[in-house]
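Residue numbering restarts at 1 for every chain, and letters A, B, ... go by the order of the sequence lines. Since the structure is predicted, the reported quantities are computational estimates derived from the model, not experimental observations.
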Protein chains: 2
Amino acid sequence: MESVAEAARGRKPEEVKSAARVLEVLELLGVQGARLSLAEMAAAMAVPKSSLHAILRTMEARKWVDLDPSGTRYGIGLKALLTGTAYLEGDDVTSLAGPVLDALAEETGEAVHLGRLDGTHVVYLAKRESRHALRMYSAVGRRLPAHATGLGKAVLSQFDPAEVQRRLDWPLERLTPSTVTDPDAFLAQLAETRLRGWAVDDGENSVDIRCVAVPLGGGQGMDAISCSAPKSRMDDARLEEVAQAVTEAAHSLSTLLKRLGQH
Amino acid sequence: MESVAEAARGRKPEEVKSAARVLEVLELLGVQGARLSLAEMAAAMAVPKSSLHAILRTMEARKWVDLDPSGTRYGIGLKALLTGTAYLEGDDVTSLAGPVLDALAEETGEAVHLGRLDGTHVVYLAKRESRHALRMYSAVGRRLPAHATGLGKAVLSQFDPAEVQRRLDWPLERLTPSTVTDPDAFLAQLAETRLRGWAVDDGENSVDIRCVAVPLGGGQGMDAISCSAPKSRMDDARLEEVAQAVTEAAHSLSTLLKRLGQH
DNA sequence: CAACGTCATTCGGTCTTCTGAACGGCCGAA
DNA sequence: TTCGGCCGTTCAGAAGACCGAATGACGTTG
């Protein structure tokens, strides 16, 4: 019999309870870099302490979680790192992109990113640092709201407005004063992006950073590449120049991928 | 009652079975970049297909594993990447090391790594690329046998011979013709390293790559930093020069860490 | 110094998951 | 086509995990 408590939380009976909990632990410890005690985690997950205790013991034995010296606070373990980076190595797009990203970074001298749409957010899969001393912060694995990034808008521009409406969380979250949160304005930007072939982010997630992005894979992929720089190095003329370079890089990478897809 | 089958496999009854299996799936998909079918995984893990099926369904629903278009081969999912990189952000050493590694890479112009000993292997936690066109391959999250790397020998040199003997898998695996596999020779190298303060890897894991490494944290840490280059750019004189730079970087990073530890 | 708060940990009954065999779908070979 | 192999999937009995309350250990506060 399905218990009332389970039904109320909307859990499907096809889920294996402790399996789901293991993943929930990893996600909980992953989103916040902070370390948590067993009791805190049990409260956050709405799970009995005693059940969680057995699971954490299993995870600790395999180094998937880490117990700090005091023996009372858990954090992500080393094994998680190994597995996470394996995602990148097993991914065709990421492995093929290396040389193309190198070339684009070399050509523009600015930060270059490869990103993938995942739900409402964009995940960085690869990056190349700018040559300049003044750099933007970013990291592989990091997530940013799709609607406030060049990468996200580039991918979203491939969908029709109804699909976009369905995919995003409304209202759109504001990250900076420049973030576009008005639905009509946002969809208009996407239409413009689709015609032009490249997306622009003008300080919409980080004040002072401008970014140009182009989707990969001929209209059906979830990936895009971008080039970002501080406004001081990216006026309108430079933006167009960079857009050209990014477009060409995206095209050559898309060609490589197409060839791979055909074996 | 503990079943005979379990006792034979040496599993401790304190482990939660499905929790351990979730982790085993992630590790299996992580080590080999390849995608596996349910049946293949069940065979590799010595687990019934039906049990694994339920677990994989749970993992798929949460995007921890990825089903390819044909719907028959599993790979690592995006959530794993997010969690894995979170290990780095939550780690004091890695977060503090950034500027020090930047400076060392700038000074030497060569590839710089931060690594941590994990069992018999060393895991790369951070890297800085060389400026030169001829580069070595490496990636954060990648593991190499400790006995064949500068980083590994640097960390191991802090332990006494008995402890080293206990920690490594004997006989030592040979990766290149230069890999030191003789126990006495290896321990002698560690003794030398301890006296000198820095470890050398002379083509022991990759032919043609030389590497200098120094442990962090004053004799009890599991971390080390290193600088690697092709032999063509690293003769004996240059090696000593680089060793100086790495030693200084390690010292300044250790000081930062000590200060942090004391709040 | 003692009482309290918080922490991880243990224990046995109940309920869930695990299991192995059987099923139906799919593809390539004969 | 028909067969054989391999795929993922289902099901009811058997085995093990889950749960809540009680416990012990620790550090802090009155």
Answer yes or no: does a side-chain N or O of [X] lie under 4.0 Å from OP1 or OP2 of [N]?
X	N	result
A/T72	C/dT6	no
B/S50	C/dG20	no
B/R57	D/dT10	yes

Next item on the list: Check each of B/V122, B/L156, B/L175 against B/T149 using the side-chain contact (heavy atoms from CB on, under 4.5 Å) test, and report the only one that passes.
Entry: B/V122
Checklist line | Test applied, side-chain contact (heavy atoms from CB on, under 4.5 Å); reference residue, A/I55; option that passes from A/R21, A/E60, A/K17 | finding: A/R21
Next item on the list: Remember a base hit wins even if backbone is also touched, and classify A/S51 as base, sugar-phosphate or nothing at under 4.0 Å, heavy atoms.
Entry: base
Whole angstroms only, please: what is the [atom1]-[atom2] distance between [X] and [N]?
X	N	atom1	atom2	result
A/H53	C/dT9	NE2	C1'	5 Å
B/L52	C/dA21	CG	P	17 Å
A/L36	C/dA8	CG	P	11 Å
B/E40	D/dC6	CD	P	11 Å
B/R21	C/dC18	CZ	C1'	7 Å

Note to self: Run the salt bridge (charged side-chain N to carboxylate O under 4.0 Å, His left out) test against A/E40 and tell me which residues pass, sequence neighbours left out.
What the structure shows: A/R73
Next item on the list: Please say whether the positively charged group of B/R167, taken as NZ for Lys or CZ for Arg, lies over the ring of B/F159, i.e. under 6.0 angstrom from the six-membered ring centre and within 45 degrees of the axis.
Entry: yes
Notebook entry, point to check: DNA chain D: A/K49 or A/A19, which has the more 5' nearest nucleotide?
Noted result: A/A19
Check: Of A/S18 and A/R73, whose nearest nucleotide on DNA chain C comes first from the 5' end?
Finding: A/R73
From the set [options], return the single nucleotide nearest to any side-chain atom of [X].
X	options	value
A/V16	C/dC18, C/dT9, D/dC18	C/dC18
B/P48	C/dG20, D/dG20, D/dG8	C/dG20
A/K17	D/dC19, D/dG8, C/dC18	D/dC19

